[in-house]
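Once you've had a glance at the structure underneath, I'll fire off some questions.
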Amino acid sequence: MGRRIAVELAWLLAYWGFSFFFMAWLLGFKQLLRPSLEIQMHNTYFIVPGPLIPLPFFLLEASLVTGVRMALGRLNDRLVIIIFALLTVLLAGLLFWFAHSIH
């Protein structure tokens with residue numbers, strides 16, 4: 001059981017690392033190292049903490065890859081199902097918050 005947890009944590013760490021480097025490539029490393037990022041879209045002004053910028057991409061990527069891993073035959077692994085459910089709930093919560101924060 002301990003080995004399976006370590007493997008799943010390694011997967012999640014790999015997802016976070018990929019998300020961080022993808023967002024750093026997209027926005028630049030200096031933007032991610034700032035304490036906050038200010039975004040203006042239409043008439044809405046967002047201030048996002050720098051370390052949380054990769055979070056939406058991480059949740060989307062981790063949910064999709066974990067779902068594919070489940071579909072490819074690891075559906076009977078309870079730990080993968082629990083991680084997939086948690087990632088999906090976090091992604092849905094983030095999307096719900098984002099949808100309701102736009103006025």
May I have the step-by-step check of side-chain contact (heavy atoms from CB on, under 4.5 Å) for Leu55 and Leu90, ending in yes or no? CA-CA 10 Å; Leu55 182 64; Leu90 287 172; over 6 Å; no
Of the non-hydrogen atoms in Met23 and Phe57, which two are nearest, and what is the gap between them? SD-CB, 4.5 Å
May I ask you to decide if the ring planes of Phe22 and Trp25 are parallel, tilted or perpendicular, using 30° and 60° as cut-offs?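 Aromatic pair Phe22/Trp25 classed tilted.
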Can you check side-chain contact (heavy atoms from CB on, under 4.5 Å) on Trp11 and Trp16, steps first, answer last? CA-CA 9 Å; Trp11 274 100; Trp16 182 258; over 6 Å; no
Cluster overlap Val89 with Val65, hydrophobic side-chain contacts below 4.5 Å: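 No, it is not one cluster - the side chains of Val89 and Val65 are not joined through contacts under 4.5 Å.
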Would you say Leu9 and Leu87 are hydrophobically clustered, going by side-chain heavy atoms of ILVMFWY under 4.5 Å? yes
Roughly how far apart are Leu86 CG and Leu91 CG, rounded to 0.5 Å?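 If I round to the nearest 0.5 Å, the distance is 12.5 Å.
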Cluster question for you: counting only ILVMFWY and a side-chain heavy-atom cut-off of under 4.5 Å, with indirect links fine, are Leu64 and Ile83 together?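 Result: yes, single cluster for both.
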What distance separates Leu59 CG from Thr88 OG1, expressed to the nearest 0.5 Å?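 Here the rounded value is 9.5 Å.
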Shortest non-hydrogen separation from Phe58 to Ser19 and the atoms involved: CA-OG, 3.1 Å
More than 12 non-hydrogen atoms from neighbouring residues, nucleotides or ligands closer than 6.0 Å to CZ on Phe29, yes or no?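 More than 12 within 6.0 Å, yes.
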